[in-house]
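Report on the following structure.
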Amino acid sequence: MTPAESRALPAPHPEAAAGPDEMVSHRTPVGLFAATAPTEAPAEPETPTDPDAPSEPAAPSEPTTPADPHTPAEDAAVADGAEVVPTRTWWRRWTRRRQHLAVGGLFLLAAVWVTSRIWLDPSGRVASLYTGDPAQVQFFLAHSVRVVLHGEYPFYTEQFNYPDGVNLMANTAVLALGIPMVPVTLLFGPAVSFVVLVTLGLAGTAMAWYLILSRHLVRTPLAAAVGGWFCGFSPAMLSHASWHPNIISQFLLPFIVWRVLVLTRSGRPVRDGALLALLVTVQAFINEEILLFTALACGVFLLAVLAQEPARWSAAWRPLGIGVVTCALLAGALLAYPLYVQFAGPMAYHGLSDAVKDYGNDIAAFFAPGSPTLGGNQRANINLAPNYSEENAFFGWSLSMLAVGIVVWLRRELIVRALAVTGLFFAVLSLGERVSWWDRELVSGPWQLLVHLPLLDAVVPTRFGLITSVVIGLLLALAVERAWALRPADRRTVRTLTAAGLAFALLPIAPMPLRMVSRPPVPDFITADRWRAYVGPDQTLVPIPVPSMGNTHGMRWAAATNLDFKIPGGYFLAPRNGNTGDAGRFGGRPSGVGQMLEEVATTGRMPKLDDRQRRRFADELRHWRAAILVLPLRQQNVEPLRRTVEDLVGPGRQELDVWVWDVRALTDRSV
């Protein structure tokens, strides 16, 4: 604990004399709020009183007022002069550790509920709409196995998109998640590791916010649990859960925010800056975009605080400056080489693909429930988000109205005003370059002025809505805390109304199990290692159709073998035409034959081939150093594909559950 944190501790709570096994509820402000002066008149110093005597009611807006330990029945008994034996509910008799374990258990059960359909068959089920992202993540998890077991280079690989390879630092290879998951991947496969990461990402994020909120912002466990719940299971998090475990694994972000606030009042800024640097470094290997969002949100929030009370700057600038410089130097040293590879290494790209960089939220998306929620409707949301994996708003009418009401109710509190500014700022940025209402363009958005700035040119703007989701979670926690601290004549009625309001706002966006569909299994030809008789270390196995953004089954095959064989193509971000430094696009160099086979797989129509196309296919096979072509018997439109490949390279043969074409004689460069 830093000296600043020690000074931030409030006066001892009346329950501080309780035994070690009893829960002591208190709040520790951090950073700029450690020395916050009350908005109204200063509070009178506490004086010892009879523990059975009724306490004076506190102002509802006072954030540091301790909760009344008595029940309404006890207050009435004291008023009648009767002797009262203090009682506690079963929850308050629990230790803090038991409370934390109970809340964490509920979050984990909720995460298992959300992922229940994929848990039934991790290898045979996938998100119902887009199968590319899960296959890509499973490929990266298998790469982590090679990094740990074989010492393979972590930031670049030739195991797919051979021979050009893929810049993994520019593709969110989730090394900070994949390396700890290596035992699970080895024992059960990357498909199981994927669902474990999704489950722990949701529950872990909710639990991390709960711990930070209960320790530093609110004293009521329910308030912290509500805030943590929404941060971990918001519609935006549920939207990404089917495809992006790197985005929903936000369990380090509450601690990063906490350490930034600690820096503003730190007595040891160098040490605290070094701790922040370690958190930043690990988060960079989970998801750099979320790290950038966190840094921007902290900056906007601190500016909103200082704009309201500039006097705080005199005490905050020196420790904050020293800590940030320390963090930048240490994190910069630790990340210098990986970032060099990302921005200047082989297959580096500058800027996102045009297909995603203009993704933005529709204004109406903030008032509709998300697709994976109780009140969600995929058909109704089809024009309100770029796609179903990017529903980064979707709070519903009731929660949107409640959030506005909370800001109006608690507008006198500095932290609420700063949170409101932060949430609104990023909600506006999330609208993208063109502001629309129900898919009707209205005006140009402010993001149009920022999209070409360094770093921001690699941001998907709709994801700024993730920051607004966190802000709403914090506002919910504050609102429950303030409502629970009110002391009217009938306090039970107020708490009942608070619970009813939460149910009204959160029930429509309650999480539902993620929608899944069956997917073809990895062929027995792959799992039985029959391919090893054909493929050498510098050769490739070519799945038919050739792996691409829309056909990622071949990536799952390679991941199932921990990338023991190379494949051409795949789903990834790379510079256009394979030229390092160009703007990004999905996939590597365009493949004419690959596109032709993909069209056959989709439509079932066979093309008319000539000798020029056959020579072109042979050239591509030589470029890929292909050893065999593999077509699963369960592949859609398998017969048109088989006849097309036979027309290109000759007859193949069936082996187990695939068709195989041995093309080593055709691609051997010595011939």
Side-chain angles (χ1 to χ4, degrees), residues 121-128 130-136 138-139 142 159-162 189-191 194 516-535 539-571 587 591 593-607 617 620-621 624 626-664 667:
D121 185 6
S123 299
R125 294 192 173 192
V126 70
S128 59
Y130 317 110
T131 62
D133 290 286
Q136 184 191 65
Q138 291 175 33
F139 195 97
Q159 297 305 115
F160 68 137
N161 193 40
Y162 188 84
F194 176 86
M516 296 290 151
V517 295
S518 298
R519 60 181 173 182
V522 177
D524 294 338
F525 177 80
I526 301 296
T527 58
D529 287 343
R530 297 285 285 271
W531 60 271
R532 294 185 186 274
Y534 302 93
V535 184
Q539 296 175 312
T540 62
L541 182 153
V542 181
I544 302 298
V546 180
S548 65
M549 183 177 180
N551 293 285
T552 56
H553 294 316
M555 295 179 66
R556 292 195 300 115
W557 303 356
T561 67
N562 290 324
L563 312 189
D564 284 347
F565 60 79
K566 299 179 174 67
I567 60 173
Y571 173 41
S591 168
V593 173
Q595 293 174 357
M596 178 188 68
L597 293 174
E598 184 174 348
E599 184 175 349
V600 175
T602 303
T603 64
R605 293 193 297 267
M606 293 180 57
F617 188 39
E620 288 198 2
L621 292 178
W624 294 335
I628 54 173
L629 313 180
V630 179
L631 172 64
L633 297 180
R634 298 184 182 184
Q635 171 66 44
Q636 181 183 4
N637 293 318
V638 61
E639 274 304 301
L641 279 170
R642 183 185 65 81
R643 292 198 297 268
T644 301
V645 176
E646 286 188 344
D647 198 3
L648 288 168
V649 298
R653 69 173 180 274
Q654 183 176 338
E655 190 167 344
L656 296 181
D657 54 349
V658 300
W659 286 97
V660 178
W661 288 265
D662 187 344
V663 295
R664 287 176 291 182
T667 60

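Only a predicted model underlies this, so the values are computations on that prediction, with no experimental measurement involved.
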Mind checking whether [X] and [Y] have side chains closer than 4.5 Å, heavy atoms only?
X	Y	answer
V517	V126	yes
W557	P632	yes
L656	P523	no
S591	E598	no
M516	D121	no
P521	R634	yes

Run W659 and L629 through side chain to side chain contact (heavy atoms under 4.5 Å, CB included) and show every step you take. CA-CA 8 Å; W659 286 97; L629 313 180; over 6 Å; no

Which atom of [X] lies closest to which atom of [Y], heavy atoms considered:
X	Y	result
I567	P547	CD1-CG, 4.1 Å
I628	V663	N-CG2, 4.2 Å
P543	L541	CD-O, 3.2 Å
V542	P568	CG2-CG, 4.0 Å
M555	Q136	CE-CA, 3.8 Å
E620	G594	OE1-N, 4.3 Å

Among V645, T644, I544, find the one that has a side chain to side chain contact (heavy atoms under 4.5 Å, CB included) with V600.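 Only one of V645, T644, I544 forms a side chain to side chain contact (heavy atoms under 4.5 Å, CB included) with V600, namely T644.
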
Please walk me through it: do N551 and V546 pass side chain to side chain contact (heavy atoms under 4.5 Å, CB included)? CA-CA 7 Å; N551 293 285; V546 180; over 6 Å; no

Criterion side chain to side chain contact (heavy atoms under 4.5 Å, CB included) on W661 and L631, from CA distance to verdict: CA-CA 9 Å; W661 288 265; L631 172 64; 3.8 Å; yes

Would you give the length of the straight line joining atom [atom1] of [X] to atom [atom2] of [Y], rounded to the nearest 0.5 angstrom?
X	Y	atom1	atom2	value
D564	D529	CG	CG	7.5 Å
T552	F160	OG1	CZ	11.0 Å
Q138	S123	CD	OG	7.5 Å
Q159	N562	CD	CG	11.0 Å
Q636	T603	CD	OG1	9.5 Å
T667	D662	OG1	CG	8.5 Å

Parallel, tilted or perpendicular: which describes the rings of F565 and W531, with under 30° parallel and over 60° perpendicular?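 The rings of F565 and W531 stand perpendicular, inter-plane angle above 60°.
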
Neighbour count above 12 (heavy atom, 6.0 Å) for R643 CZ: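 Enclosed: over 12 neighbouring heavy atoms sit under 6.0 Å from CZ of R643.
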
Which residues pass the side-chain hydrogen bond (donor to acceptor under 3.5 Å, both in side chains) test with R605, sequence neighbours left out?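 R605 satisfies side-chain hydrogen bond (donor to acceptor under 3.5 Å, both in side chains) with no residue once adjacent residues are dropped.
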
With a 3.5 Å distance limit and no angle check, can you tell me whether D524 reaches the backbone of D657 through a side-chain donor-acceptor pair?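 A pair under 3.5 Å: no.
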
Where the side chain of R556 meets the backbone of P520, is there a donor-acceptor pair that is under 3.5 Å apart?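 It does hold such a pair.
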
Can you list everything that forms a side chain to side chain contact (heavy atoms under 4.5 Å, CB included) with A601? Sequence neighbours excluded, please.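 Applying side chain to side chain contact (heavy atoms under 4.5 Å, CB included) to A601 gives P545, Q635, L641.
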
Residues two or more places apart in sequence or in another chain: which of them pass salt bridge (Lys or Arg N to Asp or Glu O under 4.0 Å) with R642?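 Result, salt bridge (Lys or Arg N to Asp or Glu O under 4.0 Å) vs R642: E639, E646.
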
